[in-house]
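Keep in mind it's a predicted model, so treat the numbers as computed, not measured. What's counted below: heavy atoms across the whole structure, side chains too, no hydrogens, waters or symmetry copies. In the text below, chain A, chain B and the rest are named by the order of the sequence lines, each starting its count at 1.
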2 protein chains.
Amino acid sequence: MAGRPKSYDDAQVLSQAMRTFWKQGYEATSYSDLEKSTGLGRQSLYGAFGDKKCLFVAALKHYGQNVTQLSLEILNQDGSPISNVGRWLRRLVERAARLKIGCLLTNTAIEAGTHDADVQQVVQQELACVEQALQRTLRRAVACGELSPQTNVSEVATYFFGVAQGLMVMGRMGQSRIRLTRFANVALATLQPAAN
Amino acid sequence: MAGRPKSYDDAQVLSQAMRTFWKQGYEATSYSDLEKSTGLGRQSLYGAFGDKKCLFVAALKHYGQNVTQLSLEILNQDGSPISNVGRWLRRLVERAARLKIGCLLTNTAIEAGTHDADVQQVVQQELACVEQALQRTLRRAVACGELSPQTNVSEVATYFFGVAQGLMVMGRMGQSRIRLTRFANVALATLQPAAN
DNA sequence: ACTATTATTGAACCGTCATTCCGTAATCGC
DNA sequence: GCGATTACGGAATGACGGTTCAATAATAGT
């Protein structure tokens with residue numbers, strides 16, 4: 001038997017909470033902030049998501065399934081694998097330059113540091129998905145001759161993983177789209193020599 | 001006329017405060033933490049450095065003049081400029097892998113975000129010094145023929161700036177020395193083609 | 001209509017935060 | 001030694017943090 005129905009949409013609330021954590025960070029976000037951004041009272045927040053940390057990891061996973069998912073889709077597209085990587089990086093640049101708040105996973109990795117193991121594990125897991133997709137894409141590139149057969153795929157995937165992290169930091173610093181674009185261009189040039 | 005003498009060394013206290021902020025972040029560091037790590041009472045901390053934010057920017061500048069300074073020295077060494085860049089990056093890898101707490105400037109850039117303009121400006125300024133040193137080193141490399149004359153120096157400097165940020169993020173994530181080394185190696189390979 | 005169940009609201013709770021007040025201790029010039 | 005000055009230690013202070021309690025509102029089943 002069901003009681004009083006919820007007056008909100010879980011996904012929308014989670015999306016707003018995510019955005020607030022994203023902009024302000026975990027520690028700097030209070031329940032008053034969350035009340036304002038979601039429009040819910042805190043008892044509703046507690047009832048639906050548990051305490052602050054639970055709500056945060058829910059927001060983290062929401063981020064993974066909405067924002068990070070787009071990266072995977074781009075990387076997994078059919079067609080030229082290295083142009084997929086290019087589109088992926090350029091999209092990252094575009095978003096980073098526009099939003100100026102970096103990536104929630106990157107920000108969390110830094111804020112949680114070595115302290116909060118639970119949170120850190122969620123972050124690692126989400127980011128690992130991206131790197132694995134990157135690996136598959138690079139492997140396809142080798143298979144279809146876009147990259148040299150001697151390419152160390154996992155090494156290059158790790159490389160682009162790091163490049164993406166650097167991009168997000170620069171984005172959060174509020175650096176110009178031009179600088180981000182330059183960074184991405186030089187990074188992408190790493191893949192070109194083998195294509196000649 | 002002088003009163004009671006200080007019972008501590010300013011630089012040492014600042015060094016300990018810096019390390020605490022570095023490990024825990026600004027928001028997550030309380031005065032109780034600072035008392036423990038520095039050994040001073042909070043009245044002494046207030047008397048010597050002002051409020052929390054002032055103490056923090058003092059710690060930031062201390063970081064710049066001690067930790068970041070080492071980067072500049074390596075980059076400015078005589079001899080082969082590109083091997084300077086190599087040594088610089090490998091040292092970053094070594095420290096990042098050993099300490100596992102990233103870079104105070106990077107961490108602060110992410111935590112302060114677009115919120116705290118004062119702090120953000122200090123960070124930008126400290127980091128800009130490194131990028132400028134990088135530019136000078138690369139220019140020397142072009143001058144002595146280690147890099148192609150067509151090299152876009154400022155672009156490549158921005159690139160290594162971003163790479164360093166990515167390295168620091170990965171270090172704070174606690175990723176293995178091997179992964180950091182791989183990242184740095186691929187990044188450094190960008191400079192090699194012109195050397196052949 | 002009545003009860004059981006769930007959502008919502010607002011206020012209370014207790015701890016901790018940054019900051020400051022006050023009394024004491026240690027050094028100076030004299 | 002004495003007063004002026006500065007450093008120190010501990011306890012207050014007021015605000016705000018996350019969390020929970022008590023009361024009310026809204027539905028479903030019977």
Side-chain angles (χ1 to χ4, degrees), chain A residues 1-60 107-108 111-113 115-119 122, chain B residues 1-60 108 111-113 115-119:
Chain A
M1 48 194 79
R4 177 174 176 175
K6 290 184 177 180
S7 67
Y8 56 88
D9 177 38
D10 272 48
Q12 270 182 335
V13 167
L14 216 45
S15 191
Q16 288 303 320
M18 174 193 82
R19 197 171 289 264
T20 305
F21 280 127
W22 193 357
K23 276 190 290 199
Q24 308 187 354
Y26 176 76
E27 298 267 11
T29 298
S30 69
Y31 265 92
S32 302
D33 295 330
L34 292 168
E35 281 180 339
K36 283 178 202 152
S37 64
T38 63
L40 269 69
R42 61 186 66 186
Q43 194 62 238
S44 301
L45 287 172
Y46 271 92
F49 304 102
D51 66 3
K52 193 184 179 188
K53 191 170 169 182
C54 290
L55 174 55
F56 182 65
V57 304
L60 268 186
N107 300 351
T108 302
E111 188 177 359
H115 182 64
D116 197 324
D118 311 337
V119 171
V122 176
Chain B
M1 46 197 81
R4 176 175 176 175
K6 291 185 178 181
S7 66
Y8 57 88
D9 176 38
D10 272 47
Q12 269 182 335
V13 168
L14 216 45
S15 192
Q16 287 304 321
M18 175 193 82
R19 197 172 288 263
T20 305
F21 280 127
W22 192 358
K23 275 189 290 199
Q24 308 186 355
Y26 176 77
E27 298 267 10
T29 299
S30 69
Y31 266 90
S32 302
D33 295 331
L34 292 168
E35 281 180 339
K36 283 178 202 154
S37 65
T38 63
L40 270 70
R42 60 187 68 187
Q43 195 61 237
S44 302
L45 287 171
Y46 271 93
F49 304 102
D51 65 4
K52 192 184 179 188
K53 192 170 169 182
C54 289
L55 172 56
F56 181 66
V57 303
L60 268 186
T108 302
E111 189 179 358
H115 182 62
D116 198 323
D118 311 338
V119 171

With sugar-phosphate taken as primed atoms, P, OP1 and OP2 and all else as base, the protein-contact string of nucleotides 12-20 of chain D at under 4.0 Å (heavy atoms; B, S, -) is -----SBBB
Side-chain contact test, heavy atoms from C-beta onward, threshold under 4.5 Å: evaluate it for A:F21 versus A:N107 and give yes or no.
no
Return the orientation label for the A:Y46 and A:Y31 ring planes: parallel under 30°, perpendicular over 60°, tilted otherwise.
parallel
Spacing between B:L45 atom CG and C:dT20 atom C1', to the nearest angstrom
14 Å
OP1 or OP2 of D:dC8 sitting under 4.0 Å from any side-chain N/O of B:S44?
yes
Which of residues 4-13 of chain B sit near DNA chain C, with a heavy atom under 4.0 Å from it?
B:R4, B:P5
Send over the distance from A:F49 CZ to C:dA7 C1', rounded to a whole Å.
13 Å
Is the NZ or CZ atom of A:K52 both under 6.0 Å from the centre of the six-membered ring of A:Y26 and within 45° of that ring's axis?
yes
With no hydrogens and no angle check, is any side-chain donor or acceptor of A:E111 less than 3.5 Å from a backbone partner on B:G25?
no
Counting only heavy atoms not in A:K53 (residues, nucleotides, ligands), do more than 12 fall under 6.0 Å from its NZ?
yes
Validation row: B:V13, B:L40 side chains within 4.5 angstrom (heavy atoms)
yes
To the nearest 0.5 Å, what is the distance between CG on A:L60 and CG on A:L55?
10.0 Å
Residues two or more places apart in sequence or in another chain: which of them pass salt bridge (charged side-chain N to carboxylate O under 4.0 Å, His left out) with B:R42?
B:E35
